Amino acid sequence: MSISEDQKLADEWAAALSEDVAAQQGDDIMAAPLDELTDSAAPISDDERRKLDTIMDIPVTISMEVGRSQISIRNLLQLNQGSVVELDRVAGESLDVMVNGTLIAHGEVVVVNDKFGIRLTDVISQTERIKKLR
C-alpha cells in the first residue's frame, strides 16, 4: 500500500470515528474546553534523533484479545465446526490490546467500510506496564 493510500485509509477511519462520536454525543452533551497542548520538553539532539529513528521501524505484533478460556486437551481435541468455547468475559466488555504480548490498552470494536477496527478507550500508563513486568 502506498503512502497516499495509507493516508486516504487513515482519513476515512478518522472521518468515520468522528461521525460515530458525534452520533453518540447527541444534542445534550457539550464538548469540554481543552487547553492547547504544547511541547515543553527540550529539543532532542541529532544523536538522540538517530537513536529514536533506529527503533521506529522495528516491527511489533499488535493483537486484540476478546477473552480467554482454559480447557483440557481432551475437550480441545473434541472441538469442531460449530463448537462454542466459553470465554472469561461478559458480552460488551472491552477488549485487551496487546503489543508483543504486553497489555497496553483496552478498547471497543468498531466497523468502518466493512472492516473491523478498535477504538482505544483506556491506555495503560507506562508505570502500570512496568509494574506488571515485575
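All figures in this text were calculated on a predicted structure; none of them were measured in a lab.
Dense packing is recorded around CD of E48, with more than 12 heavy atoms of other residues, nucleotides or ligands lying under 6.0 Å away. In this structure, L52 places its CG atom where more than 12 heavy-atom neighbours from other residues, nucleotides or ligands lie under 6.0 Å away. The environment of CG in N80 is crowded: more than 12 heavy-atom neighbours from other residues, nucleotides or ligands sit within 6.0 Å.
With rounding to the nearest 0.5 angstrom, the CD atom of Q78 is 9.5 Å from the CD1 atom of I71. Atoms CD1 and CG, from I104 and D122 in turn, are 11.0 Å apart once rounded to the nearest 0.5 Å. Rounding to the nearest 0.5 Å places CE of M98 at 10.5 Å from CD1 of I124. Note: H106 NE2 to I118 CD1 = 10.0 Å, rounded to the nearest 0.5 Å.
Nearest approach of V123 to A105, heavy atoms of both residues: CA-CB, 3.9 Å. Nearest heavy atom pair, residue L95 against residue R89, reads CA-NH1, 3.8 Å. Closest approach of V97 to G107, counting heavy atoms only: CG2-N, 4.4 Å. Taking every heavy atom of both residues into account, T121 and S94 meet most closely at OG1-CB, 4.5 Å.
Both L87 and F116 are members of a single hydrophobic cluster when ILVMFWY side chains are connected at heavy-atom separations under 4.5 Å. Both I62 and V60 are members of a single hydrophobic cluster when ILVMFWY side chains are connected at heavy-atom separations under 4.5 Å. The hydrophobic clustering, which links ILVMFWY residues whose side-chain heavy atoms are closer than 4.5 Å, places V109 and L120 together. A single hydrophobic cluster is seen to contain both V66 and V99, as judged by linkage of ILVMFWY side chains at heavy-atom distances under 4.5 Å, directly or through other members. Under the 4.5 Å side-chain heavy-atom criterion for Ile, Leu, Val, Met, Phe, Trp and Tyr, V85 and L76 are members of the same hydrophobic cluster.
A donor-acceptor pair under 3.5 Å is formed between the side chain of N100 and the backbone N or O of T61.
A salt bridge is absent between R50 and D53; no separation between the charged side-chain nitrogens and carboxylate oxygens falls under 4.0 Å.
Under the 4.5 Å side-chain criterion, counting only non-hydrogen atoms from C-beta, D96 is not in contact with M64.
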